[in-house]
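In this text the structure is predicted, and so the values were computed from the model without any measurement.
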Amino acid sequence: MQEQLVLYIKDKISVTDNEMETILSYFKPIALKKNELLLTNGQFSQKTFFVAKGCLRIFFINKDGQESTRYFAFENQFATALVSFITSEPSEEFIQAVEDTEIYYITHKDFYHLLDIVPKWEKFYRIYLEIAYITNTKRLMSFLVQDALEKYRQLLKENPMIVRRLSNKMVASYLNISQETLSRLKSKL
């Protein structure tokens, strides 16, 4: 399982075996049950997670109790409530395992310590932030310029795993549409 993390890091940055050993020494494994929460609204995001197996969901709950999903992290992806992680302010997001999930996590303190002791970790962090920025900007643009059918088609093209592995309720929450609208869209395609 740790080999996935090694391959992911090596795909982003070139590090020596000693540097990799140092980096890995700060990551801890944990197994999560389906629906287990890692972070709730109001808590401080003090960890970032690498998904080895399963899926994490980052979502909000509005004042009416309706869930809106911002991000799904499947195998070989990182996830955290990034705004809270960076600012050390309370999170407005929840992080939940939507399947039985195996992850590696690193604490905020250790993540930033790696920036001091492994110079190439700075490049890893920059790449991590760039990926997060691109992902979030594309999502925002889809909400602003696409109708429901266009959003669904784009999802099928760019991330069909979401539709294949997750419930209609979660897919609808991710697309910011009702489950009924999602059912209609599925019947059209």
Side-chain angles (χ1 to χ4, degrees), residues 4-5 7-13 32 34-41 45 48-87 91-104 123-189:
Q4 289 172 267
L5 180 57
L7 291 173
Y8 184 90
I9 293 168
K10 284 185 174 182
D11 184 55
K12 307 296 181 222
I13 58 174
L32 305 165
K34 182 178 179 176
N35 297 323
E36 189 171 338
L37 288 171
L38 290 165
L39 181 74
T40 61
N41 179 301
S45 178
T48 192
F49 309 99
F50 176 79
V51 179
K53 180 182 174 215
C55 179
L56 295 178
R57 173 174 80 125
I58 300 175
F59 67 100
F60 302 89
I61 298 177
N62 70 17
K63 64 182 184 298
D64 299 324
Q66 187 172 358
E67 296 179 1
S68 294
T69 300
R70 179 177 67 80
Y71 182 68
F72 291 108
F74 292 96
E75 290 82 4
N76 300 311
Q77 293 180 312
F78 272 88
T80 192
L82 196 54
V83 172
S84 177
F85 188 80
I86 292 170
T87 64
S91 176
E92 294 184 29
E93 299 177 304
F94 294 77
I95 302 177
Q96 175 189 43
V98 295
E99 303 172 341
D100 288 345
T101 302
E102 297 173 10
I103 60 171
Y104 284 93
K123 181 178 180 184
F124 180 87
Y125 189 36
R126 179 179 50 82
I127 292 167
Y128 178 88
L129 291 173
E130 288 172 353
I131 291 168
Y133 179 79
I134 290 166
T135 301
N136 287 333
T137 300
K138 283 183 174 183
R139 293 258 307 132
L140 177 60
M141 286 174 26
S142 77
F143 287 126
L144 296 174
V145 300
Q146 293 178 326
D147 64 23
L149 182 58
E150 290 170 323
K151 287 192 285 191
Y152 185 64
R153 281 187 173 144
Q154 182 177 344
L155 179 63
L156 288 173
K157 179 182 170 192
E158 294 182 1
N159 204 342
M161 193 178 318
I162 290 174
V163 177
R164 282 196 313 266
R165 283 178 54 178
L166 302 176
S167 70
N168 280 349
K169 180 180 178 183
M170 287 194 188
V171 174
S173 167
Y174 183 72
L175 293 173
N176 198 32
I177 60 176
S178 69
Q179 290 183 62
E180 295 78 17
T181 299
L182 178 61
S183 293
R184 283 194 299 276
L185 295 175
K186 284 183 165 187
S187 70
K188 287 182 182 180
L189 299 179

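- Ser142 and Arg139 form no side-chain donor-acceptor contact under 3.5 Å, judged by distance and modelled atom types alone.
- Between Phe94 and Ile58, the closest side-chain pair of non-hydrogen atoms is not below 4.5 Å.
- By the 4.5 Å heavy-atom criterion applied to side chains, Arg70 and Phe59 are not counted as neighbours.
- No side-chain heavy atom of Asn41 sits less than 4.5 Å from a side-chain heavy atom of Ile61.
- Relative to the ring axis of Tyr8, Lys12 places its NZ or CZ within 45° and under 6.0 Å from the centre.
- Crowding of Lys34 atom NZ: a count of heavy atoms from other residues, nucleotides or ligands under 6.0 Å not exceeding 12.
- If you run side chain to side chain donor-acceptor pair (under 3.5 Å) between Arg57 and each of Thr69, Asn35, Thr101, only Thr69 comes through.
- For Gln154 and Gln146, the side-chain atoms include at least one donor-acceptor pair closer than 3.5 Å.
- Among residues at least two apart or in separate chains, ring-ring contact (aromatic ring centres under 6.0 Å, His included) pairs with a member in residues 157-179 are Phe72-Tyr174.
- When only modelled atom types and interatomic distance are considered, Ser173 and Ser68 share no side-chain donor-acceptor pair under 3.5 Å.
- Judged by distance alone, the side chains of Asn168 and Lys186 do bring a donor and an acceptor atom under 3.5 Å apart.
- In this model, a donor atom of one side chain and an acceptor atom of the other lie less than 3.5 Å apart for Asn76 and Gln4.
- Other residues, nucleotides and ligands place no more than 12 heavy atoms under 6.0 Å from the CD atom of Gln66.
- Checked for salt-bridge contact, Glu75 and Arg165 meet the test: a charged N lies under 4.0 Å from a carboxylate O.
- Ile162 has its side chain out of reach of Leu156: every pair of non-hydrogen atoms, C-beta onward, lies at least 4.5 Å apart.
- Environment of CD in Glu92: sparse, with no more than 12 heavy atoms of neighbouring residues, nucleotides or ligands closer than 6.0 Å.
- Residues satisfying the ring pair (Phe, Tyr, Trp, His ring centres under 6.0 Å) test with Tyr104, not counting sequence neighbours, are none.
- Residues Tyr128 and Thr48 bring a donor and an acceptor atom of their side chains to less than 3.5 Å of each other.
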* Given Arg184 and Glu180, is the salt bridge (charged side-chain N to carboxylate O under 4.0 Å, His left out) satisfied, shown in steps? -> CA-CA 6 Å; Arg184 283 194 299 276; Glu180 295 78 17; over 6 Å; no
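- Of all the heavy atoms in Ala81 and Ile95, the pair that sits closest is N-CD1, 3.6 Å.
- Ring to ring, Phe78 and Phe124 are close: their centroids are under 6.0 angstrom apart.
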